[in-house]
Amino acid sequence: MAPCASNQNSKRHVSGEKETERSVCQWSRKRRSHRRPMPWFGMDIGGTLCKLVYFEPKDITRDELDSEIEILRNIRKYLTKHSAYGKTGHRDMHLQLDNVPLRGRRGTLHFIRFPTCEMGNFLALAKSKGMATLVTTVSATGGGAYKFENDFRKEVNLKLAKFDEFDSLISGIQYIDTHNPNECYYWANPTEMEKCSKSSYDFSNPYPFLLVNIGSGVSILAVYGPNNYKRVTGTSIGGGTFLGLCCLLTGCNTFEEAIELAAGGDNTNVDKLVRDIYGGDYERFGLPGDLVASSFSAVCSFGQMNSREKRSKVSREDLARATLVTITNNIGSIARMCALQEHIDRVVFIGNFLRVNPISMKMLAYAMDYWSNGTMKALFLEHEGYFGAVGCLLRFNGHD
Ligand SMILES: Nc1ncnc2c1ncn2[C@@H]1O[C@H](COP(=O)(O)OP(=O)(O)OP(=O)(O)O)[C@@H](O)[C@H]1O
Ligand SMILES: CC(C)(CO)[C@@H](O)C(=O)NCCC(=O)O
């Protein structure tokens, strides 16, 4: 956690009159916003992954099609016909949203991601597709919108319209939840692993909720209304920490590999549990025997087995699982304390750390339910890592 970030973190953000007025106008003044030239992109350039949302208009008239310049048509074709771009770009086709309204148009939203460290290659690809010849502006958010602004201008002649990452996150959630009826879900029966299953959740009355964004690092926001939120706190121990530690400990190279290893591992070969210390539950304070008492510490205890022998019995899978459990439990614990402090009982977990990661989602669901005696609920959203990109795409009206 940032040691002295409290002043900044606890600052309540209530949008000023001007800003509120602007966001309302963006939605209502359709004619004016039509002026924004295509293509319409929203980019969230994070510490690990860059998320790109592309709006493909589906209501193109014959006249429009005839007058559309070739470069624009080729970009649209290239993005929508492929699901892989270069070696590291992916389109998440399962997340595609069809027939959605955007600034008076109707079309399809496409969700694309690539590692931020590949930004140089992305810019080269964009240039090769003719982006540099279009005088256009791309909406961008995340730290990289600031870090890479000059590169975009120099390499591809693109101007970035920059938006705050948390403003974007919240408007993105609002928009996607409105247009995708199956966006929000929870894990039913989280305390019984065999019965634990994904169930749809009606999030049409969302406020207030606690938003836990698990990216490279973690930010926790208390959201009271569409334009009213504060950043409660954050922690540097997030998705990036999981991936970094897992690669160091197991020699794996990708997030997918790390998750696959974790799925086949057993953290109790690595962690010390309450029962390893108490011989059973610590009843007085409600600590069950199978609770992790101390992460990673089973491998350095001097008991029946010396520590070197114990370490040699630990597999890569066990190490990956223990890393995942450690990071997830820590985030769950901080989130729960924030929810208590803010008197909020619905905690929405998002961010790409949860991508293809049901183990962490179920653990978070369990932790929220168990430690709150069923009063708090963990919620999840299908477009987990894309809300920032969607939010900034919505916010730009073509006049910045
Ligand atoms: N294909 C992937 N490659 C790398 N990390 C991945 C991948 N899929 C999921 N992840 C996880 O998602 C995390 C990044 O999540 P996300 O994209 O939400 O954050 P970010 O925007 O890059 O970070 P921040 O918001 O802190 O700048 C990684 O740290 C990793 O744990
Ligand atoms: C720096 C950001 C906001 C970038 O998205 C994120 O990585 C984060 O919230 N990190 C945790 C920083 C903290 O310790 O509060």
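In listed order, ligands and their atoms are each counted from 1. These numbers come from the heavy atoms of this one structure, side chains and all, not from hydrogens, waters or symmetry mates.
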Worksheet item: Quick one: which ligand 2 atoms are inside 4.0 Å of a heavy atom on T235?
Response: 11 (C), 13 (C), 14 (O), 15 (O)
Practice prompt. Examine I331 and W371 and state if one hydrophobic cluster contains both, with Ile, Leu, Val, Met, Phe, Trp and Tyr joined whenever side-chain heavy atoms are less than 4.5 Å apart.
Written response: no
Worksheet item: Do F122 and F114 make the cut of ring centroids closer than 6.0 angstrom?
Response: yes
Practice prompt. Report the nearest protein non-hydrogen atom to atom 19 (O) of ligand 1: residue, atom name, distance rounded to 0.1 Å.
Written response: G215 CA, 3.1 Å
Worksheet item: Identify the closest protein heavy atom to atom 18 (O) of ligand 1: which residue and atom is it, and at what distance?
Response: N352 N, 3.0 Å
Worksheet item: Do M337 and I237 belong together in a cluster built from hydrophobic side chains that touch within less than 4.5 Å?
Response: no
Fill in: Atoms of ligand 1, numbered as shown, that sit under 4.0 Å from any heavy atom of L243
4 (C), 5 (N)
Worksheet item: Considering only protein heavy atoms, which is closest to atom 8 (N) of ligand 1, and at what distance to one decimal place?
Response: R355 NH1, 2.6 Å
Worksheet item: For atom 25 (O) of ligand 1, which protein heavy atom lies nearest, and how many Å away is it?
Response: E165 OE1, 4.2 Å
Item to complete: Could you tell me whether Y370 and Y366 have their ring centroids closer than 6.0 angstrom?
Response: yes
Practice prompt. May I ask you to check if ligand 2 and E165 share an N or O to N or O distance below 3.5 Å?
Written response: yes
Discussion item. Check the orientation of F209 and F203. Use parallel for under 30°, tilted for 30 to 60°, and perpendicular for over 60°.
Written reply: perpendicular
Worksheet item: What protein heavy atom is closest to atom 31 (O) of ligand 1, reported as residue, atom name and distance in Å?
Response: G239 O, 2.9 Å
Worksheet item: Should the pair F380 and F349 be assigned to parallel (<30°), tilted (30 to 60°) or perpendicular (>60°) ring geometry?
Response: parallel
Practice prompt. May I ask whether G240 places a heavy atom under 4.0 Å from ligand 1?
Written response: yes
Worksheet, complete the sentence: Checking heavy atoms under 4.0 Å, the part of V218 that sits near ligand 2 is backbone
Discussion item. Side chain, backbone, both or neither: which applies to L49 and ligand 1 if a contact is any heavy-atom pair less than 4.0 Å apart?
Written reply: both
Fill in: Ring geometry between Y278 and Y282 (parallel below 30°, tilted from 30 to 60°, perpendicular above 60°)
parallel
Worksheet entry | Best match, S236, P115, G217, G47: closest heavy atom to atom 26 (O) of ligand 1 | G217
Item to complete: Mark the output for S236 as yes if a heavy-atom distance to ligand 2 is under 4.0 Å, and as no if none is.
Response: yes
Practice prompt. Name the orientation class of the two ring planes belonging to W40 and F55 (parallel below 30°, tilted from 30 to 60°, perpendicular beyond 60°).
Written response: parallel
Practice prompt. Between G46, S360, G244, S216, flag the one that comes closest to atom 23 (O) of ligand 1 by a heavy atom.
Written response: S216
Practice prompt. Please state whether H90 comes within less than 4.0 angstrom of ligand 1, counting heavy atoms only.
Written response: no
Worksheet entry | Nitrogen or oxygen of S216 less than 3.5 angstrom from that of ligand 2 | no
Discussion item. Against ligand 1, does K51 come closer than 4.0 Å with any heavy atom?
Written reply: yes
Discussion item. Taking atom CD as the centre, does E192 end up with more than 12 heavy-atom neighbours from other residues, nucleotides or ligands that are less than 6.0 angstrom away?
Written reply: yes
Discussion item. Measuring centre to centre across the rings, with the benzene-like ring taken for any Trp, is Y207 within less than 6.0 Å of Y224?
Written reply: no
Item to complete: Check whether any heavy atom of F353 sits under 4.0 Å from an atom of ligand 1.
Response: yes
Worksheet item: Can a salt bridge be assigned to the pair K198 and E382 using a cut-off of 4.0 Å between side-chain N and carboxylate O?
Response: yes
Fill in: atom 22 (O) of ligand 1 [closest protein heavy-atom partner, distance rounded to 0.1 Å]
T48 N, 2.8 Å
